[in-house]
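Let me begin by presenting the structure, written as structure tokens, before commenting on it.
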Amino acid sequence: MSQLPPPVRTGRPAAEQNGSEPQFVFRPASKAGRKGRVSIQGVSGSGKTWTGLSITHGLAEGRRFAVIDTERGAASLYSGIGGIHFDTLAMDRYDPRNLGRALDAAAQSQYPAVFVDSLSHFWKGTDGTLEQVDRAKAKYGGNKFAGWKDGTPMQNDMVAAILDYPGHVVCSMRSYTEWVLDNGKPQRVGMRPEQRKGIEFEFDVAVAMDLENTLEVLKTRCPALHQKVIQRPNGARDVAGPLLAWLAEPEPTTEP
């Protein structure tokens, strides 16, 4: 595998982290070296896992990548299809701090891309952020709101670990499910993802999938993907391809 730089936590200036006065230095804006961050949300059966694998395969440019699996081996059912090959790390407890440790392990192993399937478990699964908050409230007289004093830093550190990974990261998320009547017939639709509100803002591209296997781009920083709606998408071709092309675009030359 090609050499990846080590993960770097970038939440605060280094000088501030060491207790001295922070140094603020402005530099020319550039996306050189930037890696993709993609989220996929949808209800059960919408195709999140397969599409996420295909996108990650495309971002890895055919190289072997890593899957952090909370879905009891669902991703492994697709191993080898379409030439997609990956290594898995199965998890059955979802302390958000452990996702950071898993991503650090993936970085040490030089994986060019990681697929987290799914990020929702680290919010509401066993030992996830919501459980951490519920446990922490005992320290504050049963005040659950105060329990977020412990839960919020864990959640923020998890998000930082995703953003700081030295390769590409794709995350699937389950959607809260709602039934609605459409011409008198009940239809299952997806709402917001099962994660902390606003999590999609952390990603370069956020997409949603429905039961017809239609992918809709909800937000993107990549102009080629703006407001795209794709029936039965090929994730490598339709999402990873335009994203990689945009990331690789040469910087325009400007006069000093």
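Keep in mind that this is a model prediction, so the values were computed, not measured.
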Between [atom1] on residue [X] and [atom2] on residue [Y], distance to nearest 0.5 Å:
X: Leu244; Y: Glu61; atom1: CG; atom2: CD; value: 5.5 Å
X: Leu218; Y: Leu215; atom1: CG; atom2: CG; value: 8.5 Å
X: Ser172; Y: Ile68; atom1: OG; atom2: CD1; value: 11.0 Å
X: Arg192; Y: Gln41; atom1: CZ; atom2: CD; value: 10.0 Å
X: Arg174; Y: Asp117; atom1: CZ; atom2: CG; value: 9.0 Å
X: Ile55; Y: Trp50; atom1: CD1; atom2: CH2; value: 11.5 Å

Which heavy-atom pair separates [X] from [Y] by the least distance, and what is that distance?
X: His57; Y: Gly83; value: CE1-O, 3.5 Å
X: Glu194; Y: Ser120; value: O-OG, 2.9 Å
X: Asn213; Y: Met209; value: ND2-CE, 3.0 Å
X: Ala60; Y: Pro112; value: CB-CG, 3.9 Å
X: Leu59; Y: Leu243; value: CD2-CD2, 4.0 Å
X: Gly167; Y: Arg37; value: O-NH1, 2.7 Å

message: Ring-plane angle category for Tyr94 and His121, please: parallel below 30°, perpendicular beyond 60°, tilted otherwise.
response: tilted

message: Could you see if Met173 belongs to whatever hydrophobic cluster contains Met154? Use Ile, Leu, Val, Met, Phe, Trp, Tyr and a side-chain cutoff under 4.5 Å.
response: no

Between [X] and [Y] (side chain of the first, backbone of the second, donor and acceptor by atom type, cut-off under 3.5 Å), is there such a pair?
X: Ser79; Y: His85; value: no
X: Asp87; Y: Ala66; value: no
X: Thr152; Y: Trp148; value: yes
X: Lys219; Y: Phe203; value: yes
X: Thr220; Y: Leu225; value: no

Is the shortest heavy-atom distance from the side chain of [X] to the side chain of [Y] under 4.5 Å?
X: Tyr78; Y: Ile84; value: no
X: Leu119; Y: Leu99; value: yes
X: Val217; Y: Val239; value: no
X: Glu71; Y: Ser118; value: yes
X: Ile162; Y: Glu202; value: no
X: His168; Y: Val170; value: no
X: Ile199; Y: Ser39; value: no
X: Ser175; Y: Val43; value: yes

- request: Only one of Gln132, Gln195, Arg97, Arg196 passes side-chain hydrogen bond (donor to acceptor under 3.5 Å, both in side chains) with Gln155; say which it is.
  value: Gln195

- prompt: Can you check side-chain contact (heavy atoms from CB on, under 4.5 Å) on Phe122 and Thr129, steps first, answer last?
  reply: CA-CA 6 Å; Phe122 295 97; Thr129 298; 5.8 Å; no

Stepwise side-chain contact (heavy atoms from CB on, under 4.5 Å) test for Lys144 and Val133: CA-CA 7 Å; Lys144 188 170 184 177; Val133 170; 4.0 Å; yes

field: side-chain contact (heavy atoms from CB on, under 4.5 Å) partner of Ser54, the single match among Asn234, Thr49, Ile81
entry: Asn234

- prompt: Do Asn98 and Met91 pass the side-chain contact (heavy atoms from CB on, under 4.5 Å) test, and can you show the C-alpha distance, the side-chain angles, and the key distance before you say yes or no?
  reply: CA-CA 9 Å; Asn98 283 341; Met91 302 185 73; 3.8 Å; yes

query: Can you check whether Phe65 and Phe86 have ring centres sitting under 6.0 Å from each other?
result: yes

message: Between the side chains of Asp238 and Lys228, is the shortest nitrogen-to-carboxylate-oxygen separation below 4.0 Å, so that they form an ion pair?
response: no

message: Just checking Glu212: does its CD atom have more than 12 heavy atoms from other residues, nucleotides or ligands closer to it than 6.0 angstrom?
response: no

- request: Check whether more than 12 heavy atoms from other residues, nucleotides or ligands sit under 6.0 Å from atom CZ of Arg135, and answer yes or no.
  value: yes

message: Run Arg34 and Arg221 through side-chain contact (heavy atoms from CB on, under 4.5 Å) and show every step you take.
response: CA-CA 12 Å; Arg34 174 92 179 200; Arg221 296 169 179 144; 3.5 Å; yes

